[in-house]
Enquirer: 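Sharing a structure, written as structure tokens. Questions coming.
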Amino acid sequence: MSRFRLAIIALFLAFSFGLPVNTATAVLPDEVLDDPVLEGRAREISTLLRCLVCQNQNIDESAASLARDLRLIVRERLVDGDTDDQVLNFIVDRYGEFVLLKPRLTPGTILLWFGPAVLIIIGSIGIFFMMRRRVAEAKASGPVVLSKAEEKELEKLLRQ
Amino acid sequence: MAAEIGYYSLILALVLAIYQSIFPFIGASRNDERLMATAVPVAQAQFGFLMVAFFALMYAYIVSDFSVENVFKNSHTDKPMIYKITGVWANHEGSMVLWVLILTLFGAAVATFGQNLPALLKARVLGVQGTISASFLAFIVATSNPFIRLSPTPLNGQGMNPLLQDPGLAIHPPLLYLGYVGFSLVFSFAIAALIEGRVDAAWARWVRPWTLLAWMFLTMGISMGSWWAYYELGWGGWWFWDPVENASFMPWLAGTALLHSAIVVEKRDTMKVWTILLAIIAFSLSLLGTFLVRSGVLTSVHAFATDPERGLFILGILAFFVGGGFALFAWRAPAFKSGGMFAPISREGCLMLNNLILTVGCATVFIGTLYPLVLETITGSKISVGPQFFNATFTPLMVPLLLLVPLGPFLAWKRGDLAAVAQRLSAAALFTAVILVFVFAWVEKGPIMAPFGVAIAAWLVAGAVSEFAFRIGLFRVALMDSLRRAVKLPRSVWGTSLAHGGLGIVVLGIVAISAWQVEKVEVIDVGGTMQVSGIDVEFVSIEPRTGPNYKDDVGLFRISVDGKLVTEIESAKRLYQVPVMATTEAGIYSFWTGDIYVTLGDKSKTKNAWTLRIFFNPLAQFIWFGAAIMFAGGAISLTDRRYRVGAPRKKGSKKRAKAPAKEVPA
């Protein structure tokens with residue numbers, strides 16, 4: 001809870017006095033783990049976590065002290081042998097789903113994750129039926145054959 | 001005095017806009033030519049008054065007149081002159097004035113250059129344009145007056161957000177607004193066509209250049225914004241899927257779809273209803289973008305103005321135009337008759353697929369951007385939608401579209417011959433395959449999909465080159481004949497090839513920087529060297545320097561490859577005084593293969609050493625270079641002969657234009 005209060009205070013300070021929030025000193029050399037595999041995982045996880053005191057930055061990019069704390073927690077958990085999911089769960093338990101930049105698939109996010117796929121399917125079906133109707137209409141009004149002149153013009157257009 | 005003149009001009013412009021939103025419509029319905037013609041000088045005068053207001057505000061900034069609240073809140077005497085000038089639109093009120101200035105510029109442009117437009121269409125277009133400008137002028141006068149005076153006059157101003165004190169601010173917002181607002185004209189054309197009940201090839205021919213113009217500016221505006229973020233924000237990123245970026249990307253996607261569907265309307269007299277819908281959507285998304293940014297409803301890097309009252313006002317404007325547009329569409333559009341038939345495999349079919357993918361892509365960005373907001377409103381639970389969502393949904397959606405791009409221009413209208421297209425693209429396909437194998441063999445690390453991304457880029461560029469080569473008959477006729485053909489080729493063909501090829505270059509840059517960016521962070525002593533991607537970066541020295549309104553710690557870096565000095569660059573940590581804020585001024589040097597990007601971190605507490613963060617961003621500049629080529633393609637296309645000579649009139653169209661438009665029963 002105290003960490004959360006710290007975050008609120010940091011947020012307040014950053015906005016009211018314009019404290020430096022953009023010094024591009026994200027991951028510092030002293031944070032980096034010796035094991036490159038573990039460090040790689042830590043970086044990967046960090047890009048999935050939102051810096052709560054910044055505007056739309058992940059904790060890997062952020063220079064805020066809260067982001068640094070979170071980066072250290074991530075690394076601590078990894079060194080203790082947590083899986084990636086366990087680390088994420090640990091953070092989400094404390095900071096809520098808001099901290100995840102890639103929202104989990106829950107009943108609330110089904111539309112988010114499947115919306116695009118549903119739209120492309122609906123769009124494709126719509127186009128399919130429209131084309132079929134048009135073909136049917138065209139058949140009803142006689143076959144469409146290019147006239148000699150039209151074919152010639154087509155050739156000319158293609159040559160251009 | 002300047003402030004009062006500016007305010008007075010705004011009100012005069014508002015009165016004119018109200019006139020323009022009523023009387024041209026009355027003139028059109030009564031077929032009263034004289035009444036309709038009044039729209040022209042009114043639109044021009046409106047632009048004139050906006051110019052007066054805009055320059056009055058700029059004058060207040062230049063002379064640092066802190067008795068004007070807007071200047072007091074956003075400027076400071078120590079600020080360099082260029083940022084006093086650009087500061088005019090670096091705040092909410094001023095940027096709204098710029099928005100309406102550009103809106104009236106487009107209105108005046110169509111009034112002045114649209115002499116060959118049918119009188120009815122022109123009157124209605126100007127009428128809709130007047131309605132838009134009246135609502136936004138009312139918004140400014142009622143909630144966002146930039147000319148409010150302060151008493152007593154403060155001694156100095158509060159300064160401007162240092163992140164905005166950059167030449168990027170001079171270019172990015174005006175370009176973006178030219179793009180956003182440019183779609184207003186397309187919207188006005190769509191609404192006028194719905195009222196009139198008629199869409200034909202001539203309509204499409206008038207709409208296309210305006211769409212193209214708006215699209216070009218939006219392309220450039222987005223690209224400049226991305227470039228600015230790249231060098232200013234200091235963590236080597238170029239696109240963050242930030243809500244405000246998405247707000248400009250959505251109209252771009254819709255506009256790109258519109259650009260292509262309007263071709264079908266012009267050439268084949270079909271897809272009319274869809275094109276009208278896209279025109280409404282493109283401008284609705286522009287308005288949405290304005291709403292998102294101006295209301296600060298989505299907190300993000302760009303949201304420097306937050307005020308719920310204003311948000312509600314813009315929401316009202318948004319609801320009026322979007323709702324009104326769609327309602328009119330639902331009422332009138334079913335009456336439109338579709339023209340030409342076409343087979344699924346044809347240029348029309350290909351463009352239809354293009355439109356499907358672009359629209360769904362646009363919807364994906366829309367969903368991802370607004371979902372957190374809607375979910376929080378409904379359920380109260382807060383989620384974040386970050387880059388990972390868009391990478392997982394938007395990116396795969398774009399792959400088939402990009403593969404399709406080279407096919408389109410080769411396919412015949414009505415009924416295409418895939419075998420012939422395949423034959424004409426065989427060289428491009430071979431080139432793509434070679435590139436794919438080469439990249440796979442060459443790179444050691446990075447995502448497995450990255451070589452395929454490079455192959456897509458190669459396919460786009462090779463496809464564009466193939467199309468151009470085919471059009472000029474390269475290797476089929478004598479070289480001189482080919483050159484002669486190239487000169488005579490319609491400019492729109494040049495434009496298409498350039499834009500599609502430029503897109504390939506953008507894709508190449510995006511793939512390279514996303515897949516193979518190298519980052520290294522170390523604490524380095526002054527005099528020490530860091531090696532990144534085979535490039536030596538020597539930390540030569542660091543010294544303080546004082547700027548007009550900031551203090552720098554400037555690091556000097558010597559870039560060398562294989563022991564040979566290439567260049568020296570500076571990278572600074574900057575501390576602004578008013579308001580107090582630290583920024584990074586990244587040192588960037590562009591090689592052909594990519595950028596070396598140096599940012600300076602904090603000083604070590606124990607010794608004379610500094611944290612250095614150095615990136616190698618492979619092919620990063622290709623992103624913006626490619627976008628510039630796309631812009632150039634649009635510009636060349638815009639000079640196409642048929643736009644210069646104006647749209648041809650069908651026989652009897654003059655008569656038809658004069659007759660009340662009752663051709664299609666509503």
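Numbered from 1 within each chain, the chains take letters A, B, ... in sequence-line order.
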Enquirer: To the closest 0.5 Å, what do you measure between CG (B:Asp553) and CG (B:Leu575)?
Expert: 9.0 Å
Enquirer: Can you tell which part of A:Arg132 gets under 4.5 Å to a heavy atom of chain B, answering side chain, backbone, both or neither?
Expert: neither
Enquirer: Counting only non-hydrogen atoms closer than 4.5 Å, does B:Phe390 touch chain A with its backbone (N, CA, C, O), its side chain (CB onward), both, or neither?
Expert: neither
Enquirer: Does B:Arg424 come within less than 4.0 Å of B:Glu467, counting only side-chain N to carboxylate O?
Expert: no
Enquirer: Does any backbone or side-chain atom of B:Ile383 lie under 4.5 Å from a heavy atom of chain A? Answer side chain, backbone, both or neither.
Expert: both
Enquirer: Tell me whether A:Asp60 is salt-bridged to A:Arg71, with the criterion being a basic N under 4.0 Å from an acidic carboxylate O.
Expert: no
Enquirer: I want to check a possible cation-pi pair here: B:Lys382 against A:Phe98, using under 6.0 Å from ring centre and within 45° of the ring axis as the test.
Expert: yes
Enquirer: Tell me the residues of residues 81-90 of chain A whose non-hydrogen atoms fall below 4.5 Å from those of chain B, in number order.
Expert: none
Enquirer: Cut-off 3.5 Å, side chains only: do B:Ser384 and A:Arg50 have a donor facing an acceptor?
Expert: yes
Enquirer: In terms of the angle between their ring planes, are B:Trp241 and B:Phe394 parallel, tilted or perpendicular, with boundaries placed at 30° and 60°?
Expert: perpendicular
Enquirer: Does any N or O in the side chain of B:Thr379 come within less than 3.5 Å of the main-chain N or O of B:Glu376, such that one atom is a donor and the other an acceptor?
Expert: no
Enquirer: So, the side chain of B:Trp238 versus the backbone of B:Tyr231: is there a donor-acceptor pair under 3.5 Å, distance only?
Expert: no
Enquirer: Tell me the closest heavy-atom pair linking B:Ala486 and B:Trp494, and the distance in Å.
Expert: O-NE1, 2.9 Å
Enquirer: Drop me the distance from A:Leu48's CG to A:Ile59's CD1, to the nearest 0.5 angstrom.
Expert: 9.5 Å
Enquirer: Taking side chain as everything from C-beta outward and backbone as N, CA, C, O, which of these in B:Ala586 sits under 4.5 Å from a heavy atom of chain A? Side chain, backbone, both or neither.
Expert: neither
Enquirer: Which of residues 116-126 of chain A have a heavy atom under 4.5 Å from any heavy atom of chain B?
Expert: A:Pro116, A:Leu119, A:Ile120, A:Gly123, A:Ser124
Enquirer: Starting at NZ of B:Lys573, measure out to CH2 of B:Trp610 and round the result to the nearest 0.5 Å.
Expert: 6.5 Å
Enquirer: Flag the pair A:Glu31 and A:Arg68 as a salt bridge only when some basic side-chain nitrogen lies within less than 4.0 angstrom of an acidic carboxylate oxygen.
Expert: yes
Enquirer: Measure B:Phe389 against the heavy atoms of chain A and call it side chain, backbone, both or neither at under 4.5 Å.
Expert: both
Enquirer: Counting only heavy atoms closer than 4.5 Å, note whether B:Leu397 contacts chain A via side chain, backbone, both or neither.
Expert: side chain
